[in-house]
Amino acid sequence: MVNTLKQTAVEEEIQFYKGVVYEAASGNVKPLIEHVLKVQNKDGDLVPLRFNPAQEYYWNKRTETDIILKAAQMGFSTLVIAEFFAECMVIPGIECIIVAQRDESVRELFQIINTFMASMPPYFRPQLTKDTESTIIFDHSAVAPGLSSRITTGTIRSDTVGRGRPRHRALFTEVAFYPKEAQKIMSGLIARLPRGRSRLVLESTADGQAGHFFELWQAATTGGEYEDTPQVTYTGHFIPWYLAPEYKYPMIVGDTWGQPIVEYTEHEQYLKLKYDLSDDQLRWRRWQIATLGEDMFKQEFPETADEAFLPVGSAVFEPNLIDRNSYHIKPAVTNINNFDVWKTPEFQRTYIISIDQASGEQRDPNNRPLDFSAITVWDSVTLEQMATFRSREVTAKELAKVVSEISEIYNHGLIVPESNLAKFGFIDWLLEYGVKHIYMHRSPNTQKVSPGYPMTVATKPALKDNFKNILDTEGGCTLHSENLLRELRNYRFLKGAGMRSMGAAPGGNDDELITAFIAFDPEVRSQAYSTISAQAGLNRKRAVRTAKVFS
C-alpha cells in the first residue's frame with residue numbers, strides 16, 4: 001500500500017514536471033524555475049527558487065537588452081542564470097555565456113548551475129554531453145542528432161572568453177568593477193549576439209561616477225547611446241534595497257539596534273511616506289549606515305539610482321545638500337513632446353524661461369547630437385520649477401519656436417538664453433517668433449549691454465555659488481525634475497583644471513542644471529519682475545490657448 005502511494009506520488013510529480021517543461025518550451029520558463037530549480041539560501045539551506053519581490057519586479061519588466069543597477073546581494077545573477085539554464089533544458093541550440101569579474105566569482109556562479117543539476121530528481125535531470133568546471137552542454141540529440149545547448153562561464157580578464165562561438169544569451173555580472181581594458185572584450189562578445197533572437201543582461205552595484213558601467217547606465221536612462229556599442233539600446237532597471245524582504249531589523253529587547261524608533265529624522269519621514277518603509281526596514285537602514293558609513297551605504301544599498309554613483313574626484317555639490325532638495329522631486333503632471341509640466345501659470349505671476357542651446361558639435365556614431373537643448377521655466381519669486389523641455393533632435397530655429405510658445409503660455413515670461421551660441425541667429429529667431437522680453441546682460445567691465453547670459457569660466461563660479469546658497473536656504477527653491485537632481489549629483493570640478501572649471505561626469509549632462517544656474521541669478525530675477533503687467537494675465541486668447549495645451 002505504501003509503495004503504491006509512493007509510486008502514485010512520483011507519477012503525479014512526473015506529470016507536473018512534464019507540464020512545466022511543456023510551458024517552458026512554449027516560452028514561459030518561470031514555473032520551471034520556481035518549481036524545479038533549487039538554490040542555497042543565506043542560511044545554507046536548499047530551497048526552491050521562489051521569486052522575491054525584487055526579482056518579480058524585474059522579471060515583469062525585462063527586455064532583450066537590460067542593464068540592472070541594484071543594491072547588494074539581491075539575487076539577480078542567480079535569477080538570470082536560472083532563466084538561461086531553464087531555456088537550455090528545453091530549447092535546442094541555445095548558446096549562453098556568463099561572465100564575471102574574477103575567477104573566484106566564476107566558480108561561485110558555476111556552483112549555482114551545479115546546485116540546479118544536483119537538486120533535481122534523477123528522472124527529471126537533463127542529459128549532458130559535457131560537464132566541466134566552466135562549461136555544461138545539454139544533450140538534445142533526441143530531437144535531432146548532434147543538437148545541444150551550452151552554458152559557458154568565464155572571467156572578463158581572459159582574452160579567450162567567449163571566443164569562437166556565436167552566442168544567444170549573455171550575462172555580465174558586477175560590470176562596474178571590470179578593468180578598463182575589458183571594455184573591448186565585452187563589446188566584442190555583445191556584437192556576436194543576434195538582434196531580435198538574443199538576451200543580454202548587464203548587472204552590477206555602482207562604483208562611482210566613472211567607468212564603463214556608469215556611462216552605459218547614463219546612456220540607458222537618458223535616451224542616448226554609448227559610443228563603444230552604438231548598436232545596442234539598453235533598458236535600465238534600478239532595484240533599490242527595500243525590495244529585498246530580508247533587509248529588516250526587528251525589535252529585539254536589549255539589542256542596540258532593535259529598539260523602538262521614538263523619533264524619525266526628516267529623511268526617514270520622507271522614506272516612510274514615499275516608499276512606505278516599515279520601522280523594521282528603517283532600523284536595518286540605521287544599523288547599516290552605522291556599520292558602513294553613509295556614503296558607502298548609498299553605494300551598496302541605494303534608494304535612488306542617482307545616489308548610488310558616488311562622486312569620483314571633487315563633487316561640486318555635497319550629497320546632503322542634494323538630498324535635502326530631493327523631497328519635491330516627482331513625475332510631471334503633463335508631458336507633451338518632451339515638455340514636462342509640473343505647474344501651469346497663474347494670473348499676474350512672473351516667470352523666467354531659461355535656455356541652454358546645444359552646439360550640435362558632439363555626435364554619436366549614428367551622427368545624432370549627444371548634447372541636449374534644454375528650457376526650464378521658474379517662478380521668479382519662489383523659484384519653483386514649473387516646466388522643462390529637453391531634446392537632442394531640435395534645430396536652433398525649432399528651439400526658438402518652442403521658446404516662443406512656452407513664453408506665450410507662461411505670461412510672456414523673461415527669456416534668458418545662454419549667449420555663447422545664441423548669437424548665431426537664435427536671438428533673431430526669437431524676435432521673429434514674437435517674444436516680448438529677452439534678458440539683457442550688462443558687462444561689469446565695459447558696461448556694454450547685450451542679449452543673453454554669457455556662460456564663461458568667469459561667470460560660472462559666481463552662478464554656482466549663488467545657486468548653492470539658494471539650495472542651502474530652507475524654502476529657497478523647489479526642484480521637481482528628477483533629471484535636474486541627477487545632474488546635480490554628477491556635477492564636479494574637472495580634474496587638472498582647478499576649482500573654476502566644472503562639468504558633468506563622463507556620460508552625463510549638465511544642460512538643465514546650467515539653465516537653473518542662470519534662472520537663479522539675482523539680476524535675471526530682477527529683470528523678470530518687470531516683464532508682465534496686470535493686463536497680460538487677462539488676455540483671453542492666451543488663457544484659451546493655455547487651457548487647450550494642458551487639457
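- P319 approaches K298 most closely through the heavy-atom pair CB-NZ, 3.8 Å.
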**Residues H480, E384; criterion side chain to side chain donor-acceptor pair (under 3.5 Å); working and verdict** = CA-CA 8 Å; H480 292 313; E384 180 175 7; 2.9 Å; yes
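- Under the 3.5 Å distance criterion, the side-chain polar atoms of R525 are matched with a main-chain donor or acceptor of V381.
- Heavy-atom contacts from other residues, nucleotides or ligands closer than 6.0 Å to CD of E268 number more than 12.
- E512 has no carboxylate O lying under 4.0 Å from a charged side-chain N of R486, or vice versa, which leaves the two without a salt bridge.
- Without hydrogens or angle criteria, T334 side chain to V341 main chain gives no donor-acceptor distance under 3.5 Å.
- Looking only at distances, a side-chain donor or acceptor of N325 sits under 3.5 Å from a matching main-chain atom of L471.
- Although no hydrogens or angles enter the test, the distance criterion places no donor-acceptor pair under 3.5 Å between the side chain of S404 and the main chain of G434.
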**Request:** Would you please test Q73 and E300 for side-chain contact (heavy atoms from CB on, under 4.5 Å) and show each step?
**Result:** CA-CA 9 Å; Q73 298 182 337; E300 295 295 308; over 6 Å; no
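- Between M502 and D510 the shortest side-chain heavy-atom distance does not fall below 4.5 Å.
- Counting heavy atoms from C-beta on, the side chains of L479 and L488 come closer than 4.5 Å.
- Using a 4.5 Å heavy-atom cutoff, the side chains of E303 and H267 are in contact.
- In terms of heavy-atom proximity, E203 sits nearest to S77 at OE2-OG, 2.8 Å.
- Between K401 and E432, none of the side-chain N atoms (NZ, or NE/NH1/NH2) sits under 4.0 Å from a carboxylate O, so this pair counts as no salt bridge.
- Annotation: side chain of M74 is in contact with side chain of Y247 (closest heavy-atom distance under 4.5 Å).
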**Prompt:** Yes or no on side-chain contact (heavy atoms from CB on, under 4.5 Å) for I518 and Y439, after CA distance, side-chain angles and deciding distance?
**Reply:** CA-CA 11 Å; I518 293 170; Y439 170 78; over 6 Å; no
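- Salt bridge K468/E318: present, at least one basic N to carboxylate O contact under 4.0 Å.
- Using modelled atom types and a 3.5 Å distance limit, the side chains of E487 and N483 yield a donor-acceptor pair.
- In this structure, H441 and Y453 have tilted ring planes: the angle between them lies in the 30° to 60° band.
- Atom CD1 of I427 and atom CD1 of I438 lie 5.0 Å apart (nearest 0.5 Å).
- The two atoms that bring F389 and N337 nearest to each other are CE1-O, 3.4 Å, heavy atoms only.
- Residue I68 comes nearest to F213 through the heavy atom pair O-CZ, 3.6 Å, listed as atom of the first residue, atom of the second, then distance.
- F317 has its side chain within reach of L513: a pair of non-hydrogen atoms, C-beta onward, lies under 4.5 Å apart.
- A donor-acceptor distance shorter than 3.5 angstrom exists from the side chain of N469 to the backbone of D465, with no hydrogens or angles considered.
- Put simply, the side chain of Q288 does not reach to within 4.5 Å of the side chain of W241, judged on heavy atoms.
- In this structure the side chain of H437 never reaches within 4.5 angstrom of the side chain of Q527, judged on heavy atoms.
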**Request:** Step by step, work out the salt bridge (charged side-chain N to carboxylate O under 4.0 Å, His left out) result for D66 and R199.
**Result:** CA-CA 8 Å; D66 289 336; R199 180 129 149 72; 3.2 Å; yes
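- Side chains of D323 and Y270: a donor-acceptor N/O pair is absent below 3.5 angstrom, by distance only.
- A heavy-atom distance below 4.5 Å is not found between the side chains of V201 and F76.
- For E174 and T205, the side-chain atoms include at least one donor-acceptor pair closer than 3.5 Å.
- Open room surrounds CG on D276; 12 or fewer heavy atoms of other groups in view lie less than 6.0 Å from it.
- At a cut-off of 3.5 Å, with distance as the only test, no side-chain donor of Q101 or T173 sits close to an acceptor on the other residue.
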**Message:** Determine whether E266 and Y327 satisfy the following criterion, side-chain contact (heavy atoms from CB on, under 4.5 Å), listing intermediate values before the conclusion.
**Reply:** CA-CA 10 Å; E266 182 182 8; Y327 301 144; 3.5 Å; yes
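- A tilted orientation is assigned to the rings of F309 and W217, their planes being inclined by 30° to 60°.
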**Asked** Given F301 and R285, is the side-chain contact (heavy atoms from CB on, under 4.5 Å) satisfied, shown in steps?
**Response** CA-CA 9 Å; F301 302 102; R285 181 179 181 274; over 6 Å; no
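- A distance of 6.0 Å or more separates the ring centres of Y491 and F467.
- K436 NZ: 12 or fewer foreign heavy atoms inside a 6.0 Å radius.
- The two residues Y264 and R286 have their closest heavy-atom pair at CA-NH2, 4.2 Å.
- A donor-acceptor distance shorter than 3.5 angstrom exists from the side chain of S380 to the backbone of T350, with no hydrogens or angles considered.
- Ion pairing between D279 and K272 holds under the 4.0 Å rule for side-chain N and carboxylate O.
- Once rounded to the nearest 0.5 Å, the distance linking OG1 of T388 with CG of L484 reads 7.5 Å.
- In terms of modelled atom types and a separation under 3.5 Å, the side chain of S354 and the main chain of T515 share a donor-acceptor contact.
- Defined by atom type and a distance below 3.5 Å, a donor-acceptor pair is missing between the side-chain atoms of Q385 and T376.
- Here the closest heavy-atom approach between residue Q55 and residue G75 is recorded as NE2-O, 2.9 Å.
- Looking at N509, its side chain never comes within 3.5 Å of a backbone N or O of D511 through a donor-acceptor pair.
- A donor-acceptor pair is defined here as one N or O able to donate and one able to accept, closer than 3.5 Å; no such pair exists between the side chain of N466 and the backbone of L463.
- The backbone N or O of Q209 sits less than 3.5 Å from a side-chain atom of R492, completing a donor-acceptor pair.
- Classified by interplanar angle (parallel below 30°, tilted 30° to 60°, perpendicular above 60°), the ring pair W378/F520 is perpendicular.
- In summary, E83 and R169 do not engage in a salt bridge, as defined by a charged side-chain N under 4.0 Å from a carboxylate O.
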